[in-house]
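Below is one structure, written out as structure tokens; the observations come after it.
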Protein chains: 2
Amino acid sequence: MKVGPDIAMIGALVGDPARANMLTALLAGQALTAGELAREAGVTAQTASSHLSRLEAGGLLTQRKQGRHRYYALSGEDVAGVLEAMMGLAARTGHTRVRTGPKEPALRRARVCYDHLAGELAVGMLEHLVARGFVIEATDALTLTPTGETFMQALGLDLPALAAARRPLCKGCLDWSVRRTHLAGALGAALLDRFYALGWARREPGTRLVSFTPRGLGAFREIFGVAPQNDAETDSGGDGETEATA
Amino acid sequence: MKVGPDIAMIGALVGDPARANMLTALLAGQALTAGELAREAGVTAQTASSHLSRLEAGGLLTQRKQGRHRYYALSGEDVAGVLEAMMGLAARTGHTRVRTGPKEPALRRARVCYDHLAGELAVGMLEHLVARGFVIEATDALTLTPTGETFMQALGLDLPALAAARRPLCKGCLDWSVRRTHLAGALGAALLDRFYALGWARREPGTRLVSFTPRGLGAFREIFGVAPQNDAETDSGGDGETEATA
DNA sequence: CGGAGCCTTCGGCGCGCATCGAAGCATTGG
DNA sequence: CCAATGCTTCGATGCGCGCCGAAGGCTCCG
């Protein structure tokens with residue numbers, strides 16, 4: 001009985017602004033040091049330390065010592081998924097400023113979600129994969145079909161290696177901007193890596209932005225049939241997420 | 001732009017044990033009164049009231065006045081989705097025991113709601129009554145038409161007696177399985193009684209379950225045109241907690 | 001109408017915890 | 001060895017808010 005308290009613990013962890021800022025910063029997928037997270041959250045190192053151990057004790061974060069640094073990262077993809085879902089909720093319930101910030105549109109277009117692609121492009125991609133029968137979308141479960149495997153291998157993915165990993169191959173992740181499922185899991189991560197390797201896109205350092213080159217966008221659209229709309233540039237710069245404001 | 005604080009607000013709402021209990025209680029889908037939720041959360045009515053307005057202000061709950069009760073329900077499927085995702089997280093991080101409620105499907109199909117029928121069967125029945133012009137459904141108000149009166153009398157209902165009662169003849173009542181209105185009021189209660197009398201169905205003692213006999217289900221479907229799908233059995237007893245009562 | 005049930009608002013109490021200053025370990029580098 | 005950096009622990013402070021008792025508003029019922 002009493003499942004309430006359990007989810008309350010998760011909620012309470014996310015419920016503090018400082019911790020929420022840390023978590024959203026870590027949504028970018030890369031591990032950050034305690035100091036960076038403190039700055040990100042706008043609190044002192046002591047306070048951040050307290051928050052971080054709390055988050056780790058709660059199972060949301062993993063920690064790795066390296067030299068005199070302590071690197072923190074989300075403990076898993078599911079954490080990222082829940083956070084994204086909560087962002088979506090916050091957006092829908094309208095208690096968030098709908099005021100679109102300067103770099104919002106680009107984020108909405110293509111960004112990294114933990115280790116895979118998110119945003120309109122990602123949603124469109126999955127949509128296309130499903131339409132062509134490469135992926136089957138049941139309730140909450142995604143499966144790669146045999147023809148889908150062929151397709152992925154043609155893209156240059158090493159499927160056997162992916163299948164060998166303990167990690168689930170396909171997973172759905174709710175996208176907060178589009179409010180639709182996009183592809184996560186080992187396959188989602190591998191695809192994003194492939195896009196980088198092909199020179200189609202690259203990370204904007206310090207942000208969650210994924211910016212596609214014109215050539216990459218063209219290739220992406222040709223293969224995945226995602227609607228055009230050029231997002232083109234990203235102003236970059238900026239701090240690390242959370243803030244921005246005009 | 002502060003996306004952090006937004007998810008922090010959601011988190012904080014879920015983060016309080018009392019509120020978390022309310023939310024998980026509502027996760028079953030059915031709307032509950034403020035009092036029931038107070039009991040569910042183990043707090044007094046005043047405290048619950050405060051929590052509920054907070055949850056409503058936060059956009060997680062919707063509220064509907066019905067008589068001297070105030071029914072609260074999750075504001076949408078996405079809220080339920082986020083809550084379940086959080087429960088999943090809590091389960092994974094090992095800070096909880098998972099409890100799966102395997103008694104739900106039958107309840108979803110047909111159950112008693114106070115004194116009338118609820119569940120898919122009930123929603124389908126009202127749908128049919130409206131489609132055939134026996135009942136007119138305005139916003140929040142249901143009216144029995146003359147042809148509807150004839151129909152009810154053909155079923156063996158004593159309409160004059162029902163009309164004589166102080167109790168409103170027709171009333172709408174929220175149902176969670178289809179998130180639609182089903183028929184309550186004196187007519188709804190009389191219909192359920194009639195089903196019992198006809199031997200179509202009977203209560204499972206100690207639960208809210210209403211189990212139809214095969215013959216009764218057939219007759220019901222013939223008359224009200226509700227989609228087939230045999231509900232077959234009802235498992236075990238279950239606790240019954242939350243709700244019910246008279 | 002008056003009484004009862006359901007719920008909300010108001011006021012005050014008290015705990016929890018986020019926060020920061022200062023000090024204590026650890027690691028790196030000279 | 002000492003100094004510097006990165007992070008943690010300790011202690012104290014203050015605010016937020018969860019909680020309930022009491023009182024008021026609605027609604028239903030006889």
Side-chain angles (χ1 to χ4, degrees), chain A residues 4-5 8-23 31-58 61-73, chain B residues 4-5 8-23 31-58 61-73 114-115 140-141 164-173 184-186 189 242-243 245-246:
Chain A
M9 174 169 240
I10 304 278
L13 284 176
V14 185
D16 178 78
R19 284 193 293 260
N21 281 329
M22 294 176 172
L23 290 170
L32 297 177
T33 69
E36 287 169 328
L37 288 168
R39 250 168 284 125
E40 198 71 41
V43 295
T44 62
Q46 318 92 297
T47 305
S49 176
S50 161
H51 285 312
L52 288 171
S53 30
R54 211 172 270 256
L55 286 170
E56 192 187 2
L61 259 47
T62 59
Q63 175 229 33
R64 205 176 44 158
K65 290 181 67 170
Q66 210 166 86
R68 49 185 168 188
H69 295 284
R70 263 176 154 93
Y71 280 91
Y72 286 92
Chain B
M9 175 171 238
I10 305 278
L13 284 176
V14 185
D16 177 77
R19 283 193 293 261
N21 281 328
M22 293 175 172
L23 289 170
L32 297 176
T33 69
E36 288 168 332
L37 288 168
R39 250 167 284 127
E40 197 70 37
V43 294
T44 62
Q46 317 92 300
T47 305
S49 177
S50 161
H51 286 311
L52 288 171
S53 29
R54 213 173 267 255
L55 286 169
E56 192 186 2
L61 259 46
T62 59
Q63 176 231 32
R64 176 170 159 186
K65 291 181 66 172
Q66 201 159 302
R68 51 185 166 184
H69 297 282
R70 265 173 151 91
Y71 279 90
Y72 285 91
Y114 192 60
D115 60 359
D140 253 32
R166 275 182 300 285
R167 181 173 183 190
L169 187 64
C170 287
K171 254 190 153 181
C173 184
T242 80
E243 241 280 289
T245 62

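Side-chain atoms are counted along with the backbone in the values below, which use heavy atoms only and exclude waters and symmetry mates. Proteins get letters first, then strands, A, B, ... in listed order; numbering begins at 1 in each.
When the side-chain contact (heavy atoms from CB on, under 4.5 Å) test is applied to Ala41(A), the partners found at least two apart in sequence or on another chain are Ala18(A), Asn21(A), Met22(A), Val43(A). Judged as a side-chain contact (heavy atoms from CB on, under 4.5 Å), and not counting sequence neighbours, the contacts of Ala73(A) are Ala31(A), Thr62(A). In terms of the side-chain contact (heavy atoms from CB on, under 4.5 Å) criterion, residue partners of Ala34(A) (sequence neighbours excluded) are, by chain and number, Leu52(A), Tyr72(A). For Thr47(B), the side-chain hydrogen bond (donor to acceptor under 3.5 Å, both in side chains) test picks out Thr44(B), with sequence neighbours left out.
You can see that DNA chain C meets the heavy atoms of chain A within a 4.0 Å-exclusive cut from dA18(C) to dT28(C), reading 5' to 3'.
Nucleic acid contact for Tyr72(B): sugar-phosphate only, since backbone atoms but no base atoms lie under 4.0 Å from a heavy atom of the residue. Note on Ala45(A): a base of the nucleic acid sits closer than 4.0 angstrom, heavy atoms only. Within 4.0 Å of Ser53(B), counting heavy atoms only, lies no atom of the nucleic acid at all. Contacts of Ala18(B) with the nucleic acid, taken as non-hydrogen atoms under 4.0 Å apart, involve only primed sugar atoms and P, OP1 or OP2.
Residue Ser49(A) has a polar side-chain atom (N or O) positioned under 4.0 Å from OP1 or OP2 of dT8(D). When the side-chain nitrogen and oxygen atoms of Thr44(B) are compared with OP1 and OP2 of dC19(D), none of them lie within a distance under 4.0 Å.
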Polar atom pairs between nucleotides 10-17 of chain D and protein, under 3.5 Å, N or O only, would you list them?
none

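Between the NE2 atom of His69(A) and the P atom of dA4(D) there is a distance of 18 Å, given to the nearest Å.
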